[in-house]
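Worth knowing before you read on, the calculation uses all heavy atoms, side chains too, and leaves out hydrogens, waters and symmetry mates.
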Amino acid sequence: MLWFSQYLLIWYANIPYENWFLKNQKEFYPVLIKIRFLLVMVIPFVLLISRKLKQNKILLIISSVSILIGQFIHSWIIVNVSNQSGYSS
């Protein structure tokens, strides 16, 4: 969920030196962004909406692994977008 709050802050504040990052992220990795959203938000929400599903250890493991893979994809996108655009701080 941290990635969404970062995006919301950049979008709302219209920070010019961060806009290149969002543009390049959407341009180079549109499919990975959608997969990340599914893995981090949709799958865990659907699996954890019911009380009975929350008590199933297999589904909790699936939800946890889904979030972990989604966070890995997020980190990978951040590193690769920064490397592709030649940005260095």
Side-chain angles (χ1 to χ4, degrees):
M1 190 69 174
L2 179 63
W3 58 269
F4 181 72
S5 59
Q6 290 171 342
Y7 172 76
L8 191 62
L9 177 66
I10 293 168
W11 173 78
Y12 183 73
N14 196 17
I15 303 171
Y17 58 87
E18 293 290 347
N19 288 338
W20 67 269
F21 179 78
L22 295 176
K23 180 183 171 217
N24 289 346
Q25 185 179 8
K26 290 178 184 176
E27 180 180 328
F28 292 123
Y29 304 109
V31 175
L32 281 179
I33 291 172
K34 292 173 185 162
I35 291 172
R36 176 184 66 186
F37 181 76
L38 285 172
L39 289 173
V40 174
M41 298 292 285
V42 175
I43 292 174
F45 179 77
V46 170
L47 290 178
L48 300 176
I49 194 106
S50 167
R51 182 173 290 170
K52 286 186 178 183
L53 294 178
K54 284 187 241 181
Q55 295 173 350
N56 187 344
K57 289 185 180 182
I58 303 281
L59 291 177
L60 284 176
I61 291 171
I62 291 171
S63 178
S64 300
V65 170
S66 168
I67 293 170
L68 188 63
I69 292 170
Q71 292 295 3
F72 175 77
I73 290 172
H74 174 66
S75 299
W76 187 82
I77 289 173
I78 287 177
V79 170
N80 283 332
V81 168
S82 298
N83 288 338
Q84 283 181 351
S85 60
Y87 178 78
S88 61
S89 44

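- Interatomic distance, CD1 of Ile73 versus CD of Gln71, reported as 10.0 Å (0.5 Å rounding).
- Atom CE of Met41 sits about 9.5 Å away from atom CD1 of Ile67, to the nearest 0.5 Å.
- The distance from the CD1 atom of Ile77 to the CD1 atom of Ile35 is 9.0 Å, given to the nearest 0.5 Å.
- At most 12 non-hydrogen atoms from other residues, nucleotides or ligands lie less than 6.0 angstrom from NZ of Lys34.
- Shortest non-hydrogen contact noted between Pro44 and Leu39 is CD-O, 3.2 Å.
- Between the OG atom in Ser64 and the CG atom in Leu59 there is a gap of 10.5 Å [rounded to 0.5 Å].
- Shown here for Val46 and Leu53, the closest heavy-atom pair between the two residues is O-CD1, 3.9 Å.
- Distance OG/Ser63 to CG/Leu47: 5.5 Å, rounded to 0.5 Å.
- Taking CD1 of Ile33 as the start and NE2 of His74 as the end, the distance is 10.5 Å to the nearest 0.5 Å.
- Neither Leu68 nor Ile58 shares a network with the other; the hydrophobic side chains, linked directly or stepwise wherever heavy atoms of I, L, V, M, F, W or Y lie under 4.5 Å apart, form separate groups for each.
- Residue Phe72 is not grouped with residue Val65 when hydrophobic side chains (ILVMFWY) are merged at heavy-atom distances under 4.5 angstrom, including chains of intermediate members.
- In this structure, Leu48 and Leu60 have side chains that are in contact, with non-hydrogen atoms separated by less than 4.5 Å.
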